[in-house]
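These numbers were taken from a predicted model, which means no experiment stands behind them. All ligand and atom numbering here is 1-based and tracks the order in the structure.
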Amino acid sequence: MKKVTAFFGLLLATSPAQATNLDFALGKALFDRPWTSAPASTQATDGLGPLFNARSCVACHPKAGRGKITVESNGEIGGVGYVLRLGSATGEGDPTYGRQLQTNAIHGQKAEGRVYLENGYYRIEDLAYGEMAEKTKYAGRLSQPLHGLGLLEEIPTEDILALADPDDKNGDGISGRAHMVNGQLGRFAWKATAPTLRIQAGNAFSNDIGMSSPIHRHHHGDCTKNQPDCLKGPHGDSVQFENLEIDTQMLDLVAYYLKRLPAPKSKATEPLPLFSQVGCADCHTPQLKTKSGQKVAAYSDLLLHDMGEGLADGIKENNATGREWRTQPLWGSANTKRFLHDGRAQTIEEAINWHGGEAAKAKANFTALSDTDKQRLINFINSL
Ligand code: HEC
Ligand code: HEC
């Protein structure tokens, strides 16, 4: 393939292949772009905040990968791609702080607070807008790696629905429920709340960066009516961009970039029967196919499972309960330093030990294996 000169004037004259390469590069540039607060010298880069967690997508997904957690000596927890989700058992966010604690704000506005980790419990300090509601619960979410998600988007909905067994009719102890969000199958994020990469990108622009887009047209991101200064803060909606901060074309380019990020390279030469025998494959489906027949070895069924009390955080998101999580794909695991939705596990074995609920039997089977077999299974996961 030829290299494309990034010259807008040439776009019309390029072949379709060249145009898609250019779209990928433009999408990547938007993914990497650090946004600034309005009004900036160029409207094309402003609109950040007023409240935000990070200035760019790449800040939380370094090299389009998973985030990292750091804990300071005073217990303050931060890092890259780590956010505190707010919510409740009935699905609402906090009346004041919304659905996520924004730990940053543009000049002249107040960040919402700081998060500390102490003996395995979160503590929020410096809450800038008064108390949180009594019933608000909070829990960490670590950013996920983004490679190969375009293939997951291309798996026919029927094929995923066929794996679901919400009432456990086959009696194997594993139900698996499709997360329908506004009539579409949810596929992305830890609770499969986003049906498409475009919607997930729009959610991220709003909650993480504080920017409006065709998905969330509100330019104040996660500010609530109890944060009037934030609602009155500066914004970057402009006529040039459909009265938005991120217009249709920009959002489409970011989604296109995500769609084209290649899947992690697998080193596995053949399937390991032990993986299925133990019961891991009942959720971590070894292979699915895209509409065009391409094999996808993500090791996920993209369904929600009740993973038991140990992983539950009581936060309902859309129709997923506080105990339900989407089966996390296992491809690319060799690069993972922190496992599970809040990054609590530092090894594959630790991650398995947190499995409960529908996965209790598989975990017990794993625990009963000899050390050699445990290692074989772990090596296999590291090869995916
Ligand atoms: C402040 C950190 C942060 C920023 C900034 C951020 N993300 Fe994320 N991203 C996360 C976290 C945390 C999750 C998991 C969210 C969840 O499950 O609720 C996530 C999940 C995702 C997913 C779903 C991955 C999967 O496996 O299903 C995609 C896609 C994604 N982000 C894309 C983006 C894009 C595009 C941007 C920029 C517009 C962005 N993110 C900005 C933290 C961030
Ligand atoms: C009932 C379904 C189910 C079964 C059975 C199951 N898992 Fe999981 N697995 C999940 C879900 C859901 C998650 C995400 C949980 C979370 O993040 O809180 C997960 C997460 C993981 C993770 C962490 C992935 C990451 O990138 O953070 C690993 C590793 C893992 N499983 C391995 C296994 C192995 C090995 C087995 C067999 C012993 C197994 N799982 C059996 C549903 C299952």
Close N or O approach (Ser56, ligand 1; < 3.5 Å): no
Which segment of Leu142 sits under 4.0 Å of ligand 1 when only heavy atoms are counted: backbone
Geometric class of the His355/His284 ring pair [parallel <30°, tilted 30-60°, perpendicular >60°]: tilted
Min N/O separation Arg85 to ligand 1 under 3.5 Å: yes
Glu154 side-chain N/O to Thr290 backbone N/O, donor-acceptor pair under 3.5 Å: no
The single option from Ile124, Leu51, Leu84 passing side-chain contact (heavy atoms from CB on, under 4.5 Å) against Glu112: Leu51
Positive for salt bridge (charged side-chain N to carboxylate O under 4.0 Å, His left out) with Arg141, one of Asp342, Asp313, Asp208: Asp313
Options Leu84, Asn203, Val254, Ile209, ranked by nearest heavy atom to atom 35 (C) of ligand 1, top entry: Val254
N/O donor-acceptor pair under 3.5 Å between Ser213 side chain and Ile215 backbone: yes
Candidate pair Cys230 and Gln109, rule side chain to side chain contact (heavy atoms under 4.5 Å, CB included), full reasoning: CA-CA 7 Å; Cys230 173; Gln109 298 273 338; 3.7 Å; yes
Distance-only N or O hit between ligand 1 and Cys57, under 3.5 Å: no
His218 side chain to His220 backbone, donor-acceptor under 3.5 Å: yes
Sole residue of His179, Arg177, Lys316, His305 in side chain to side chain donor-acceptor pair (under 3.5 Å) with Glu324: Arg177
Proximity winner for atom 15 (C) of ligand 1, if only heavy atoms of Phe188, Trp190, Trp35, Phe205 are counted: Trp190
Residue and atom name of the nearest protein heavy atom (relative to atom 27 (O) of ligand 1), distance in Å to one decimal: Ala189 N, 2.7 Å
Selection from Pro145, Ala351, Cys280 by shortest heavy-atom distance to atom 38 (C) of ligand 2: Cys280
Atom NZ of Lys137 with >12 non-hydrogen neighbours under 6.0 angstrom: no
Salt-bridge contact Lys191-Glu317 (side-chain N to carboxylate O under 4.0 Å): no
Contacting atoms of ligand 2, where contact means under 4.0 angstrom from a heavy atom of Gly279: 5 (C)
Which of the ligand 2 atoms, numbered from 1, are nearer than 4.0 Å to a heavy atom of Leu311: 18 (O)
N, O or S of His284 under 2.8 Å from atom 8 (Fe) of ligand 2: yes
Heavy-atom check, side chain of Leu149 versus side chain of Leu261, under 4.5 Å: no
Sub-4.0 Å heavy-atom contact, Arg338 with ligand 2: no
Atom 26 (O) of ligand 1 [closest protein heavy-atom partner, distance rounded to 0.1 Å]: Arg326 NH2, 3.2 Å
For atom 8 (Fe) of ligand 1: the N/O/S atom of His61 at shortest distance: NE2
Leu330 and ligand 2 - part of the residue with a heavy-atom distance under 4.0 Å: side chain
2.8 Å cut-off met by an N, O or S atom of His355 to atom 8 (Fe) of ligand 2: yes
Test side chain to side chain contact (heavy atoms under 4.5 Å, CB included) applied to Glu131 and Thr96, step by step: CA-CA 8 Å; Glu131 292 299 308; Thr96 301; over 6 Å; no
Min N/O separation Ser143 to ligand 1 under 3.5 Å: no
Min N/O separation His341 to ligand 2 under 3.5 Å: yes
Option set Met307, Lys374, Gln328, Gln144, criterion heavy-atom distance to atom 42 (C) of ligand 2, minimum: Met307
Cys283 vs Ile174 side-chain heavy atoms within contact, under 4.5 Å: yes
Identity of the nearest option to atom 43 (C) of ligand 1, non-hydrogen atoms only, from Ala54, Ala204, Cys60: Cys60
Non-hydrogen atom of Met211 closer than 4.0 Å to ligand 1: no
Ligand 2 to Phe366 polar contact by distance, N or O atoms, under 3.5 Å: no
Asp282, portion touching ligand 2 at heavy-atom distance under 4.0 Å: neither
Region of Ile381 that comes within reach of ligand 2 [heavy atoms, distance under 4.0 Å]: side chain
His219 and His235 aromatic ring geometry - parallel, tilted or perpendicular at 30°/60° bounds: parallel
Parallel, tilted or perpendicular: rings of Phe31 and His61 (30°, 60°): tilted
Top protein contact for atom 29 (C) of ligand 1, by heavy-atom distance: Gln200 CG, 3.5 Å
Sub-3.5 Å N/O-N/O distance, Arg187 and ligand 1: no
Arg66 N/O under 3.5 Å from ligand 2 N/O: yes
